[in-house]
Protein chains: 2
Amino acid sequence: MVEYQSPHLDAVFHALSDPTRRAMLHRLSGGEQSVSQLAQPFDMSLAGASKHVKVLEGAGLVSRRVDGRTHYCRLEAARLAEAQAWFRYYERFWSNRLDKLQAILEAEDRESYAGRD
Amino acid sequence: MVEYQSPHLDAVFHALSDPTRRAMLHRLSGGEQSVSQLAQPFDMSLAGASKHVKVLEGAGLVSRRVDGRTHYCRLEAARLAEAQAWFRYYERFWSNRLDKLQAILEAEDRESYAGRD
DNA sequence: TGATAGGTAAACCACATGGTTGAATATCAG
DNA sequence: CTGATATTCAACCATGTGGTTTACCTATCA
């Protein structure tokens, strides 16, 4: 007797549990990237990186546009938003209105955040 | 050359990727629960549920207080907050100030949310 | 004391995961 | 056509995961 649950949460949280994949998402936040471009920063075979991309795609966090032999990936923020929404239920444990408002303003005013995956 | 990354994110997101564990957290949002109480709703052996609790504990999402033979678990919201904070960088993709403010007010005014894990 | 209840530990199982290599498939460029 | 580039696919491997069962330890209670 398990309650209703957002059907994507399992896949999305699993996808986010790997640092390589989180770094890929971060990279995609700067715009479309090919699979090779996504793979380049990692000490890993292209096939390995390609599998990570496929996990992200399977979770709906990334979409793919094929142009010739190049596959361009784009961040699908909707699924990220869905995952973040899961936390809202718990926000009452760590925040009050002012805390949240402050977080909003900080997140808006800070465009880049070095050293983040 | 992987960037700095919050050391807990791997474990936290992994812990959250399982619906049983998310349901346990949800249950703990109502207050301390023993391991048996946490296990009760699931069609699963106690040992199996106990392992889920241990995963949550390992991720820092739950802490444990032993009283006699009973282990009481408590939600550790700080780690949840840490995970939610990861999403802030991406918020610019799906929200503006007004959207966020609305989300805040909704989350505050709605205390219980049926059908959620 | 003895039985029972709460919980962990250990061994085991089937399957998933993260990685590899090597081959296959397209596409582009000369 | 030839060769290089972009990418996936398939097979493989070691390890991790979610689950079980059995055994064990420690409290509690009659």
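Chain letters run A, B, ... following the sequence lines, proteins first, then strands; residues in each count from 1.
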Quiz item: If only side-chain N and O atoms of B:S45 are considered, is one of them under 4.0 Å from the OP1 or OP2 phosphate oxygen of D:dG19?
Solution: no

Practice problem: Flag the pair B:E91 and B:R88 as a salt bridge only when some basic side-chain nitrogen lies within less than 4.0 angstrom of an acidic carboxylate oxygen. | Solution: no

Practice problem: Mind calculating the distance between NE2 (B:H71) and P (C:dA9) to the nearest angstrom? | Solution: 9 Å

Quiz item: When clusters are formed by joining ILVMFWY residues with side-chain heavy atoms under 4.5 Å apart, either directly or through shared neighbours, do A:F93 and B:L38 land in the same one?
Solution: yes

Self-check item: Pairwise 5' ranking along DNA chain D for A:Q37 and B:R69, keeping only the more 5' one
Solution: A:Q37

Quiz prompt | B:L56 CG to D:dG18 P, straight-line distance once rounded to whole Å | solution = 10 Å

Quiz item: Contact class for A:G68 vs. all strands (heavy atom < 4.0 Å): base, sugar-phosphate, or nothing?
Solution: sugar-phosphate

Practice problem: Could you work out which one of C:dG18, D:dC9, C:dA9 sits closest to the side chain of B:K54? | Solution: C:dA9

Practice problem: Whole angstrom is fine here: how far is it from CG in B:D10 over to P in D:dT17? | Solution: 11 Å

Practice problem: Kindly work out whether a path of hydrophobic side-chain contacts (I/L/V/M/F/W/Y, heavy atoms less than 4.5 Å apart) joins B:Y89 to B:F87. | Solution: yes

Quiz item: Of all the nucleotides listed (D:dG19, C:dT20, D:dT21), which has the minimum atom distance to the side chain of A:K51?
Solution: C:dT20

Practice problem: Could you check how far CG of B:L46 sits from C1' of C:dT4, rounded to whole Å? | Solution: 15 Å

Practice problem: Verify the contact: side-chain N or O of B:R21 to OP1 or OP2 of D:dG18, cut-off strictly under 4.0 Å; return yes or no. | Solution: yes

Quiz item: Shared ILVMFWY cluster between A:M44 and A:L25, side chains joined below 4.5 angstrom?
Solution: yes

Quiz item: Given atom CG of A:D43 and atom P of C:dT20, what is their separation to the nearest angstrom?
Solution: 8 Å

Quiz item: CZ of B:R22 versus P of D:dG18: gap in Å, rounded?
Solution: 12 Å

Exercise. Using heavy atoms to find the nearest nucleotide of DNA chain C for B:S50 and A:V55 separately, return the residue whose nucleotide is more 5′.
Key: B:S50

Quiz item: Which heavy atom of B:T20 sits nearest a heavy atom of B:F42, and at what distance?
Solution: O-CZ, 3.8 Å

Practice problem: Would you mind telling me which of C:dT17, D:dT20, C:dA9 lies closest to the side-chain atoms of B:M44? | Solution: D:dT20

Practice problem: Compare side-chain N and O positions of B:H14 against OP1 and OP2 of D:dT17 and report whether any pair is under 4.0 Å apart. | Solution: yes

